[in-house]
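The structure appears right after this line, and notes come after that.
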Amino acid sequence: MSWGTELWDQFDNLEKHTQWGIDILEKYIKFVKERTEIELSYAKQLRNLSKKYQPKKNSKEEEEYKYTACKAFLSTLNEMNDYAGQHEVISENMTSQITVDLTRYVQELKQERKSNFHDGRKAQQHIETCWKQLESSKRRFERDCKEADRAQQYFEKMDADINVTKADVEKARQQAQIRQQMAEDSKADYSLILQRFNQEQWEYYHTHIPNIFQKIQEMEERRIVRIGESMKTYAEVDRQVIPIIGKCLDGIVKAAESIDQKNDSQLVVEAYKSGFEPPGDIEFEDYTQPMKRTVSDNSLSSSKEGKPELRFGGKSKGKLWPFIKKNKLMSLLTSPHQPPPPPPASASPSAVPNGPQSPKQPKEPLSHRFNEFMTSKPKIHCFRSLKRGLSLKLGVTPEDFSNFPPEQRRKKLQQKVDDLNREIQKETDQRDAITKMKDVYLKNPQMGDPASLDQKLTEVTQNIEKLRLEAQKFEAWLAEVEGRLPARSEQARRQSGLYDGQTHQTVTNCAQDRESPDGSYTEEQSQESEHKALAPDFDDEFDDEEPLPAIGTCKALYTFEGQNEGTISVVEGETLSVIEEDKGDGWTRIRRNEDEEGYVPTSYVEVYLDKNAKGAKTYI
């Protein structure tokens, strides 16, 4: 089957068909281009999706990805990123192996088609020219024959007419002969042109057109084969990435299978474990006994057993109440936790027999104390805890991480030490590299000036020294925390047993409570600072504290020995400044000499408010 023999007369239809074939090829190229754009867009969207859910660096999200479920999710995001990469590979391969090749092939195909049909039109024009010559020769032959017949008839007519002269007859005879010769010449010319046309026509329909149409047929068949190969390539490009996509999906399945709920539960314990032990039982406080109440070291306050306490920041160790809300805890710490003692029957040997007597103090059950604890307004007098709380509210973390519970503080300090050690190693490597370079410059001066490295070497050495000092500081804090934490194998032991020798200290001391006003934990320093009334860091923290203004004066009616935290000793007859009147709890806050303040029982003093108040008010 050949187009040259079967379709010899379908030149125009073949031209339309081949143009349609090229249009189909261009349509397929356009389809592949759009597919590559879709693949790129899909890959981009997948990458953006993966990036969107990636944990942000140096954020809380990054810490959450230590859990196996979050790690599995992170692995899924990474696998999706690789998955997107395979779609990019599909796009690239389709572009390079299909789109580019077919686009180039289409251009070649158009040129070949144009050349073939140009040859066909040229042959067609040639046969048409021959046909026109044949027609012209034929018309001329026909015309000459008619002219010869007319000339012959005219000659015969003149020859038969007796009235015509002999000259006219001879002239008519010669004209008839000329016309006859012209007809013979036209006949011969027509015969020659006809033979030539027939030859040209035979070659046209049996040689030229079949050859041209055969080329066009071969061109069209190559186009069909090429588009089929492109479709196979289209499928192969997809098939080539299927194993890698399968590995990505296998990675997601493997990540999902790696989720360990028990491990995540243990990580929660490690992340939020404070290192403290739950508080012990509260001892019964018998208010019927005429003696000072004491509570155990596991209750909210403890006695000092005669040991003098530091006012305003004396440091001691105590139990943590993690279940108590911060505002309520600070409310409890604002004033002495015991009700004020009744005044003595006679203040002193010099006191008058009928001196002012204190009203009977109602016996508060423990539930009253807890109600007061849960509802009273905070009166913060521990400025160290207040400053730490304010710093935390302002987003400032103490350098020693003292706002964290012991276990969490230990982890933060350990992480800081590890970071510093890495920085030290990095600086050390840099110093070694500079030293080696300096040695090379010394051996080969043409390579550089050794003195130019001295300043850099000095800077690196100073940085190393600074980092080492910083690391030693944090290692000291870490050693302190690790010395206070219970052994990891003995975490079930009660805190009271782990801190022997510290039960004489009270939890009511604001510095000993490891919770600051905003609920964060604070870790105190070693016991050496307990016997220092005003340590340097203590003074620094009070540089910016403004004392409360005095609202009046008071006169001590009886001598009071302030032995509990937050109280102050007064002598009978002594005059002091009042900075906070009784709020209904039986205690008045006073100040002596602008540097010593505390609480005394209201019944022990006579209070005179300033003139801006409603007049003098006496509590007796």
Side-chain angles (χ1 to χ4, degrees), residues 287 292-293 300-301 303-304 308-314 330-348 351-352 355-364 368-369 371-373 375-383 386 506 508-510 545-620:
Y287 291 99
K292 294 182 178 180
R293 296 180 301 154
L300 294 178
S301 63
S303 65
K304 283 298 186 176
E309 288 193 23
L310 298 177
R311 296 181 178 85
F312 302 101
M330 287 311 303
S331 175
L332 181 64
L333 297 176
T334 55
S335 62
H337 306 301
Q338 299 178 358
S346 59
S348 67
V352 291
Q357 299 295 322
S358 170
K360 292 183 179 181
Q361 295 291 334
K363 298 178 181 179
E364 291 184 339
H368 274 205
R369 198 62 197 163
N371 288 336
E372 176 190 347
F373 168 77
T375 60
S376 60
K377 184 178 180 181
K379 308 172 190 175
I380 301 175
H381 68 303
C382 178
F383 299 109
L386 174 60
T506 175
T508 58
N509 185 356
C510 185
E545 301 292 345
E546 295 183 1
L548 294 175
I551 61 174
T553 60
C554 68
K555 180 179 180 181
L557 300 176
Y558 312 100
T559 299
F560 173 71
E561 297 292 339
Q563 296 182 351
N564 292 332
E565 176 67 22
T567 62
I568 185 173
S569 299
V570 296
V571 181
E572 179 183 357
E574 185 178 3
T575 301
L576 305 102
S577 299
V578 178
I579 59 176
E580 188 176 306
E581 61 179 324
D582 189 354
K583 300 298 185 181
D585 55 359
W587 295 91
T588 298
R589 190 173 177 182
I590 64 174
R591 180 189 296 140
R592 176 191 295 120
N593 299 331
E594 300 294 337
D595 59 356
E596 188 177 3
E597 63 182 45
Y599 288 88
V600 296
T602 305
S603 59
Y604 275 60
V605 296
E606 185 174 6
V607 179
Y608 304 97
L609 298 177
D610 59 13
K611 59 183 180 180
N612 293 328
K614 292 183 179 182
K617 184 177 181 181
T618 305
Y619 298 91
I620 57 173

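Keep in mind that what you see is a predicted model, and the values were worked out from it rather than measured. As a basis for the values below, the full set of heavy atoms in this structure was taken, side chains included, without hydrogen atoms, waters or symmetry mates.
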Once rounded to the nearest 0.5 Å, what's the spacing between atom OG of S569 and atom CZ of R592?
7.5 Å
When rounded to the nearest 0.5 angstrom, what is the spacing between CG in N593 and CG in L576?
8.5 Å
Work out which heavy atom in S603 is nearest to a heavy atom in L557; give both atom names and the distance.
O-CD1, 4.3 Å
Are side-chain heavy atoms of V607 and E581 found at a separation under 4.5 Å?
no
T588 vs C554 side-chain heavy atoms within contact, under 4.5 Å:
no
Looking only at atom types and distance, does a side-chain atom of T602 sit under 3.5 Å from a main-chain N or O of G586, one as donor and one as acceptor?
yes
Can you list the steps and then say if Y599 with N564 is a side-chain contact (heavy atoms from CB on, under 4.5 Å)?
CA-CA 10 Å; Y599 288 88; N564 292 332; over 6 Å; no
Can you tell me which residue among V605, I568, V600 is in a side-chain contact (heavy atoms from CB on, under 4.5 Å) with F560?
V600
